[in-house]
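Only heavy atoms go into these numbers, but all of them, side chains included; no hydrogens, no water, no symmetry mates. We name chains A, B, ... by the order of the sequence lines, and we start the count at 1 in each one.
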Amino acid sequence: MNVTLPDGSALELPDGATALDAARAIGPRLAEQAVLARVNGEPRDLRRPLPDGASLQLLTTRDRDDPDALYVLRHSAAHLLAEAVRRLHPGVKVAIGPPIENGFYYDFEFPQPIREEDLAAIEAEVAREIAEGRTWERTEIDRDEARARFEAEGEQYKMELVDTADGSISLYTQGDFTDLCRGPHLQDATPIKALKLTGLAGAYWRGDENNTQLTRIYGTAFFTQEDLDAYLERLEQARASDHRRLGPQLDLFHMSEFSPGAALWTPRGMAIWNALEDLRRRENAKRGYLEVKTPLMWDVELWKRSGHWEKYGDNLFRIEHGESLYGLKPMNCPGHMLLFNTKLRSYRELPIRFAEAAVLHRDEPTGSLHGLTRARQFSQDDAHVFCTEEQIEDEIDAMFDYVGFLYDRFGVREIAHAELATRPDDKLGTDEDWERTEGILRTAVERQGIPYRVAEGEGAFYGPKIDFFMNDAMGRPWQMGTIQLDGQQPARLGCVYTGPDNREHMPYVIHRALFGSLERFVGILIEHYGGAFPTWLAPIQVRVLPVAEPHREEARSLAAALGDASVRADFDERDETLGKRIREAELEKIPFTIVYGDRESEESLAIRGHGGEQSQESLVNLLARLATLGA
RNA sequence: GCCGACGUAGCUCAGCUGGUAGAGCACUUCACUCGUAAUGAAGGGGUCCCCGGUUCGAGUCCGGGCGUCGGCUCCA
């Protein structure tokens, strides 16, 4: 048989040869350093026979940044972890231990709960295994044999995995530990030069909260110590951009234990908030949205009718009112539908686009709160478009255009991605309804030609949706904008319009939020910009610094002149050295600082950009420059 | 909600095995009047998250609650 190597040359091998055989045929050094084969582009265990005619690439310890090489390294590290835990904690049951982005984990059921301080001993045991040396052996067995084996060991989770596995069953053995595993794995443990256990967490078996909660140990591993150090350094830098740290530090917002999940916005934070609100209002007006306002508090009967009560009743903040039970609204849709229903509507009026950025409340689980990105009180830049079936396509295209406009404006495309979420188990309506609405959204997103992932079963109970996600500084994805196609709620709330046939028809409703929640969007922006906002968003755009006391008067009037030109300017005339005041302006990440002393006049200002770049400019020039920056 | 960790001045943190708290920054006052990332000195400031328990005595030990952080689940 033959395989093709990356340089295009062919390598002749005996039938049934493995990737490792191929490596040996090329050179002993390569065979020694090989960690993984890529066969026809797919990662594959070195020990498995190669198909004839395959293209073969061998990854070695030198491919230390290759995601597949790191995966195999970390997957093997996870097995070493399981081996160590079984030795140190007899009676533990093992579940699953995959590599993940940036590391790996393994889930265990411990006979006695363990604590974070136990990790050091486990890490030391893994280090001992690596020092002692471990090699992996792959065996393929049939299902019954595998089942019997794990049953004898009392490994109920492995048994369950055997029962649900498709295809052949393979085992990997290293030291005294044999795991049910598809692989691939390293030949031996020597490439694992740096390993660190990073955390302990509860995790439900198979991700279902009705199952037992297992103990998950997280770790990471690299081909070099240098890479581990660099990773930890990057983590530290990402932590410095955390909006929960930067927000209070830059005095944008604060949190209080007296209202968990709700932000206290400062004047500086409100400058950013209002910049987003201005943008939202301006663009909405351009794009045919009509601003409305609906009550914050409603009799819960409304949500019983819309269908929300059954699913989200527990997450509602409730208010007793005489005989009735009210709730703080968790979304705007029923309100907008009632507003739609206040008149007889003609098909000639459609589409009607109601927009409202009201404050919403949802009683989210305590453990899920996360600064601005997961809050109990937030404001969606919400809108509901009432339209006919024929109008859906154009409306959704317009929404994609709007999203694209916003994402360019903030430069956030590279941290964003889209998902199409389809019918959930507890959906309203028939499969036929859903075939239609999912089909409409799928063609809409495909028409855009943007990459997207399908999230099966993740749709809203009333319709499928296209969600836009953005990553925070730590790389965690957050759902931001959403476009949802609803053919259920309008029917439940009795929305109708009169068609050209003079008969009643139900409008479709497209729910859409583009920032998502303003809170969450600001949170992501803080992390995206690391607190150094572009001038048009910066809470303070220009700071004026009088050099000494005699310059204070003129500095003040300079700041006032900037203010008159709608620039957010302030001045710092404190009795501190100039150096110190400049330092503080830098730490506050103010885009422009003007030093004003004997040498300056309106004709010639000393301007310092954030970061230190200096220039001489007239006030008129500066104002023109700020205007081009959108200030 | 669940697993693990943490909660000391406005902020960042120190406080060994129990003996009623400390630093830097910030704040106030005074001196300096300053040219592009920290001038100096003095001073004020604390229900050590809350409630209960053990103890002669609790920031420190134990229990419960609240909040926060890392995950899991959830996210209309």
Side-chain angles (χ1 to χ4, degrees), chain A residues 105 107 110 113-119 198-205 207-218 239 242 244-245 248-249 251 254-261 303 306-316 329-334 360 362-371 373-376 378 380 382 424 426 458-463 465 467 474 476 478-479 482 484 486 489 511 513 517 545-552 575-587 593-600 606-614:
Chain A
Y105 67 78
D107 284 348
F110 283 91
I114 67 159
R115 301 195 295 170
E116 226 157 69
E117 63 192 29
D118 298 322
L119 292 182
T198 51
L200 194 59
Y204 300 104
W205 169 237
D208 184 339
E209 65 176 329
N210 299 312
N211 292 338
T212 35
Q213 189 168 50
L214 305 171
T215 302
R216 177 170 298 178
I217 298 177
Y218 283 94
R239 264 192 268 278
D242 190 322
R244 293 166 302 179
R245 188 208 283 233
Q249 199 173 306
D251 197 30
H254 299 271
M255 305 301 279
S256 163
E257 60 182 305
F258 291 105
S259 189
W303 297 303
S306 70
H308 288 91
W309 177 260
E310 199 183 333
K311 189 159 182 204
Y312 299 109
D314 288 346
N315 300 319
L316 201 66
K329 72 173 163 187
M331 34 64 200
N332 297 305
C333 13
L360 306 178
R362 296 178 185 176
D363 192 0
E364 304 288 7
T366 47
S368 68
L369 297 181
H370 191 100
T373 42
R374 187 75 185 273
R376 289 201 175 127
F378 57 96
Q380 278 183 342
D382 209 358
D426 54 359
E458 299 290 315
F461 67 87
Y462 48 73
K465 52 187 187 148
D467 291 325
M474 298 286 291
R476 293 173 288 217
W478 296 91
Q479 190 205 304
T482 185
Q484 311 178 350
D486 184 357
Q489 281 192 81
H511 309 239
S517 105
L545 301 179
V547 172
E549 202 170 340
H551 315 113
R552 285 183 184 170
D575 199 8
E576 298 287 354
T577 58
L578 183 64
K580 177 161 183 169
R581 286 176 291 152
I582 285 171
R583 174 181 156 79
E584 290 189 6
E586 284 291 344
L587 291 175
T593 304
I594 302 178
V595 173
Y596 200 92
D598 288 335
R599 310 207 281 261
E600 281 71 35
I607 295 167
R608 177 193 168 102
H610 174 56
E613 193 190 322
Q614 293 179 41

Problem - Watson-Crick/G-U partner (both atom distances under 3.5 Å) of G45(B) - result: none
What is the distance, rounded to the nearest whole Å, between atom [atom1] of [X] and atom [atom2] of [N]?
X: Tyr312(A); N: C74(B); atom1: OH; atom2: C1'; result: 9 Å
X: Phe110(A); N: G4(B); atom1: CZ; atom2: C1'; result: 12 Å
X: Glu549(A); N: A31(B); atom1: CD; atom2: P; result: 11 Å

Sticking with atom [atom1], work out how far [N] lies from [M], rounded to a whole angstrom.
N: U29(B); M: G44(B); atom1: P; result: 15 Å
N: C50(B); M: G46(B); atom1: P; result: 14 Å
N: A58(B); M: C49(B); atom1: C1'; result: 16 Å

Exercise for the section: Could you tell me whether the side chain of Arg374(A) has a donor or acceptor atom within less than 3.5 Å of a complementary atom in the base of C75(B)? Expected result: yes
Exercise for the section: Using only side-chain N and O atoms of Gln380(A), determine if any of them is under 4.0 Å from OP1 or OP2 of A76(B). Expected result: no
Exercise for the section: Please check the phosphate of C74(B) (OP1 and OP2 only) for any side-chain N or O of Lys311(A) closer than 4.0 Å. Expected result: no
Fill in the blank from the handout: The nucleotide from C34(B), A76(B), C74(B) with an atom nearest the side chain of Ala548(A) is C34(B)
Problem - N-O pairing of Arg608(A) and Glu586(A) below 4.0 Å - result: yes
Handout entry: Cationic N near anionic O, under 4.0 Å, Glu117(A) to Arg115(A)
Key = yes
Fill in the blank from the handout: The contact string for nucleotides 59-72 of chain B, one letter per nucleotide 5' to 3', using protein heavy atoms under 4.0 Å with B, S and - for base, sugar-phosphate only and none, comes out as --------SSSBBB
Handout entry: Reading 5' to 3' through nucleotides 35-41 of chain B, protein heavy-atom contacts under 4.0 Å coded B for base, S for sugar-phosphate only, - for none
Key = BBBBB--
Problem - Backbone of Asn315(A) reached by a side-chain donor or acceptor of Asp363(A) within 3.5 Å - result: no
Problem - Main-chain N/O of Arg581(A) paired with Glu584(A) side-chain donor or acceptor, under 3.5 Å - result: no
Practice task
Return yes if a side-chain donor-acceptor contact under 3.5 Å exists between Asn332(A) and Asp382(A), otherwise no.
Solution key: yes
At under 4.0 Å between heavy atoms, what does [X] touch on the DNA or RNA strands: base, sugar-phosphate, or nothing?
X: Lys465(A); result: sugar-phosphate
X: Gln249(A); result: nothing
X: Tyr462(A); result: sugar-phosphate

Practice task
Determine the interplanar angle of the His308(A) and Phe461(A) rings, folded into 0 to 90°, and report it as parallel if under 30°, tilted if 30 to 60°, perpendicular if over 60°.
Solution key: perpendicular
Completion exercise
Tyr204(A) meets the ring pair (Phe, Tyr, Trp, His ring centres under 6.0 Å) criterion, sequence neighbours left out, with none
